[in-house]
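Quick caveat, the model's predicted, so the values are computed rather than measured. So you know, we letter chains A, B, ... as the sequences are listed, proteins then strands, and number each from 1.
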Protein chains: 2
Amino acid sequence: MVRWKPGARERLQAAALERFGAQGFDGTTVAEIAATAGLTERTFFRHFADKREVLFSGQDEFERLFLAGIEEAGDSDPMAIVAAALEGATAFFPDERRSWSRARQRVIDADPGLQERELLKLSGLATAMTDGLRRRGVDPTAAALAAESGVAVFRVGFATWIAEGEERPLAEVLRAVLTQLRSLVTAPQV
Amino acid sequence: MVRWKPGARERLQAAALERFGAQGFDGTTVAEIAATAGLTERTFFRHFADKREVLFSGQDEFERLFLAGIEEAGDSDPMAIVAAALEGATAFFPDERRSWSRARQRVIDADPGLQERELLKLSGLATAMTDGLRRRGVDPTAAALAAESGVAVFRVGFATWIAEGEERPLAEVLRAVLTQLRSLVTAPQV
DNA sequence: ACCCTGATGTCAGCGACTGCCATCAGTACG
DNA sequence: CGTACTGATGGCAGTCGCTGACATCAGGGT
């Protein structure tokens with residue numbers, strides 16, 4: 001007989017998402033989440049650094065996908081490398097995950113604190129991409145710009161992908177947004 | 001005789017920056033900041049929504065400068081409007097302010113929580129710019145992209161402006177970064 | 001003289017988070 | 001077979017961020 005039920009971390013994540021959806025982030029205490037998962041508050045904080053973090057696990061793997069895309073890109077043009085990274089990251093968001101992503105995003109959009117955390121994660125992603133690009137010999141400032149632009153494209157594309165009525169897969173949306181960025185920035189300068 | 005010394009808010013801000021610089025953000029309690037300013041903890045929270053916010057006042061005025069730039073831009077090309085907004089915002093950061101900005105940024109860069117708040121502010125700025133662009137008839141997705149790109153340019157440019165050894169005024173740095181973005185995104189596509 | 005306003009103080013209390021120590025099933029090792 | 005060790009958990013006390021409710025009291029207006 002096992003001493004502890006396995007998957008404590010996953011139970012906590014599921015309990016948290018369910019409670020947040022039902023009562024909101026602020027209306028849910030950590031003790032309540034832990035109790036729902038059959039654990040105690042103290043144990044929650046052994047699995048997650050803080051209350052918000054419970055919604056942002058897996059971000060590391062997501063970041064790794066981006067970096068893999070950067071490292072395996074055949075090209076050497078910065079924006080082309082970024083495009084490859086975006087392409088690679090879409091593996092993290094298959095169509096089956098769209099409705100789950102919607103639910104999670106609804107919770108995040110309802111709380112400024114969670115938005116802060118999301119932004120910090122995306123900022124970390126941009127930094128990681130910047131480093132990856134520099135390792136491939138891209139000029140430092142150009143690397144930062146390309147990475148920031150790539151993250152911007154991802155943000156806009158992801159929001160579009162999640163929007164009501166949108167049917168295209170993420171990869172296709174991202175390609176469209178990137179194309180739009182190119183034409184925007186290239187537009188007639190006055 | 002006055003009942004309270006005037007400028008409570010400013011005294012709190014000065015006390016906070018000084019303490020944060022000396023002991024770090026986490027190593028400073030709100031009660032300590034308030035005491036330094038000759039006030040109580042409760043009064044601190046009447047002036048600022050939370051402990052972090054004491055470093056981010058004035059952001060509203062900053063945002064207004066951006067919006068004014070957008071509304072007064074003579075152009076109708078999205079990125080040209082964004083360029084005008086960037087130009088207008090530089091008024092908020094004259095050269096005399098560079099060393100103060102450096103000190104404040106050093107505090108922020110040392111604490112993830114403060115970075116989160118900064119990102120949230122910049123995100124709010126991007127949203128405001130997006131709305132401003134849409135009010136000028138720019139296509140919604142294009143507006144979001146242009147705004148995000150504009151904020152990215154500002155971030156990269158501001159970091160450059162603040163860097164050790166940099167001497168050019170912010171406006172000049174921003175123009176250079178924007179030019180670099182154009183050539184990046186326009187680069188040969190493979 | 002009177003009341004009203006507004007910035008402040010005081011106090012009690014909740015919830016997030018941490019440090020420290022205890023518990024005890026399973027595992028490794030002598 | 002017993003003993004020591006490991007690792008996930010619980011319990012508890014304590015700090016700090018933050019809030020609501022109520023009191024205070026100088027100055028301004030009536």
Going by the rule side chain to side chain contact (heavy atoms under 4.5 Å, CB included), which residues pair with B:S76 if we only count those two or more places apart in sequence or in a different chain? none
Salt bridge (Lys or Arg N to Asp or Glu O under 4.0 Å) involving A:E166 - partner list, sequence neighbours excluded: A:R168
Of all pairs that satisfy side-chain hydrogen bond (donor to acceptor under 3.5 Å, both in side chains), the ones with a partner from residues 58-70 of chain A, not counting sequence neighbours: none
Nucleotides 5-7 of chain C: which of its N/O atoms have a protein N/O under 3.5 Å away?
unit_1, atom_1, unit_2, atom_2, d
C:dG6, N2, B:R3, NH1, 2.9

Which label fits B:F154 and B:F62: parallel for a plane angle under 30°, tilted from 30 to 60°, or perpendicular past 60°? tilted
Would you mind reading off the distance between A:L12 atom CG and D:dA8 atom P, rounded to a whole angstrom? 14 Å
Which residues, if any, of residues 19-39 of chain B bring a heavy atom under 4.0 Å of DNA chain D? B:T28, B:T29, B:V30
With B:E10, which residues qualify under salt bridge (Lys or Arg N to Asp or Glu O under 4.0 Å), at least two apart? none
Tracing side-chain links under 4.5 Å among I, L, V, M, F, W and Y, which residues wind up in one group with B:F56? B:L12, B:L17, B:F20, B:F25, B:V30, B:I33, B:L39, B:F44, B:F45, B:F48, B:V54, B:L55, B:W100, B:V107, B:I108, B:L114
Starting from P on C:dA16, measure out to NZ on B:K51 and report it in whole angstrom. 18 Å
Run the salt-bridge test on A:R52 and B:E116 with the 4.0 Å N-O cut-off and return the result as yes or no. yes
In whole Å, I'd like the distance from the CZ atom of A:F45 to the P atom of D:dC16. 17 Å
Any residue meeting side chain to side chain contact (heavy atoms under 4.5 Å, CB included) with B:T179, in chain and number order, not counting sequence neighbours: none
Pairs flagged by side-chain hydrogen bond (donor to acceptor under 3.5 Å, both in side chains) wherever residues 134-147 of chain B is involved - sequence neighbours left out: A:Q180-B:D139
Partners of A:D95 by salt bridge (Lys or Arg N to Asp or Glu O under 4.0 Å), sequence neighbours excluded? A:R98
Tell me: CZ of B:R52 to P of D:dG17, nearest whole Å? 11 Å
Could you pull out the protein-nucleic contacts involving nucleotides 20-22 of chain C (nitrogen or oxygen on both sides, under 3.5 Å)?
none

Protein-nucleotide distance (A:D50, atom CG; D:dG17, atom C1'), rounded to Å: 14 Å
Atom pair distance, as rounded to whole Å: CD in A:E41 and P in D:dG14: 16 Å
Set of salt bridge (Lys or Arg N to Asp or Glu O under 4.0 Å) partners for B:E53, sequence neighbours left out: B:R117, B:K121
Roughly, in whole Å, what's the span from CZ in A:R11 to P in D:dT9? 8 Å
